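Both counts, for ligands and for their atoms, begin at 1 and track the order of listing. Just so it is clear, the model here is predicted, and its values are computed rather than measured.
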Amino acid sequence: MYNFGVPAQLNNWIDAISRAQVTFRYTANGPEGLLKGKKVYVALTRGGKYRNTPADTQVPYLRTIFAFLGMNDVQFVYAHSLNAGNPGATALAEAQDAIATLASAA
Ligand SMILES: Cc1cc2nc3c(=O)[nH]c(=O)nc-3n(C[C@H](O)[C@H](O)[C@H](O)COP(=O)(O)O)c2cc1C
């Protein structure tokens with residue numbers, strides 16, 4: 001998380017992959033994502049703790065863009081409070097556990 005949004009580098013990547021006629025297209029019924037049948041895993045790292053708060057603009061934005069491109073199966077792993085001392089270490093361990101759980105279910 002950079003300033004409550006996604007870092008510019010991630011935004012550049014999204015701009016690079018969001019291509020009309022390639023990864024999405026407009027139809028008579030509206031936009032259609034062309035990247036279907038994919039699972040998406042997003043590791044979110046943050047200095048503070050904003051999960052499920054209005055300040056977390058990342059998750060709704062990423063859900064929207066992935067859905068627009070056809071990807072609705074999106075899992076988020078949160079590593080938050082990383083700049084908050086010991087809570088950060090705990091949060092990192094929790095994130096690693098969440099990844100292990102996702103990997104064992106895949
Ligand atoms: C430019 C910048 C902006 C940041 N903005 C936020 C923010 O709005 N909220 C937050 O929780 N953390 C923020 N952070 C902290 C980063 O999310 C955190 O440092 C990063 O996820 C962990 O990676 P690191 O270990 O490389 O720093 C910011 C960091 C930088 C460098």
Side-chain angles (χ1 to χ4, degrees):
M1 175 178 281
Y2 277 7
N3 297 314
F4 305 104
V6 299
Q9 295 89 337
L10 178 55
N11 225 54
N12 287 344
W13 178 76
I14 291 168
D15 291 345
I17 66 165
S18 302
R19 295 281 173 218
Q21 318 310 331
V22 179
T23 54
F24 73 92
R25 66 182 172 193
Y26 289 108
T27 73
N29 300 322
E32 178 188 6
L34 300 177
L35 300 178
K36 294 176 180 162
K38 296 184 182 298
K39 283 178 182 283
V40 180
Y41 299 94
V42 183
L44 303 162
T45 67
R46 290 122 180 245
K49 191 171 184 181
Y50 299 102
R51 184 175 184 169
N52 295 332
T53 74
D56 183 356
T57 66
Q58 289 185 315
V59 168
Y61 169 63
L62 291 171
R63 275 199 197 286
T64 298
I65 192 72
F66 285 128
F68 178 72
L69 298 176
M71 296 170 279
N72 293 296
D73 186 356
V74 185
Q75 303 276 354
F76 292 93
V77 173
Y78 297 77
H80 47 200
S81 307
L82 296 179
N83 294 344
N86 267 344
T90 306
L92 204 53
E94 285 172 4
Q96 286 165 340
D97 284 349
I99 291 168
T101 302
L102 285 173
S104 63

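Between the side chain of Q75 and the backbone N or O of Y41, no donor-acceptor pair lies under 3.5 Å.
Screening residues 44-60 for salt bridge (charged side-chain N to carboxylate O under 4.0 Å, His left out) gives R46-D56 as the qualifying pairs, with residues at least two apart or on separate chains. Among pairs with a residue in residues 19-28, those fulfilling side-chain hydrogen bond (donor to acceptor under 3.5 Å, both in side chains) read R25-E32, at least two apart in sequence or across chains.
Note on ring orientation: taking the six-membered ring where Trp is involved, the planes of F24 and F68 are tilted (angle from 30° to 60°).
Criterion: ILVMFWY side-chain heavy atoms under 4.5 Å apart, direct or through other members. Under it, L10 and L35 are part of a common hydrophobic cluster.
Partners of R63 under the side chain to side chain donor-acceptor pair (under 3.5 Å) rule, at least two apart in sequence or in another chain, do not exist in this structure.
Within 4.0 Å of ligand 1, the residues that place a heavy atom are M1, Y2, N3, F4, T45, R46, G47, G48, Y50, N83, listed by chain and number.
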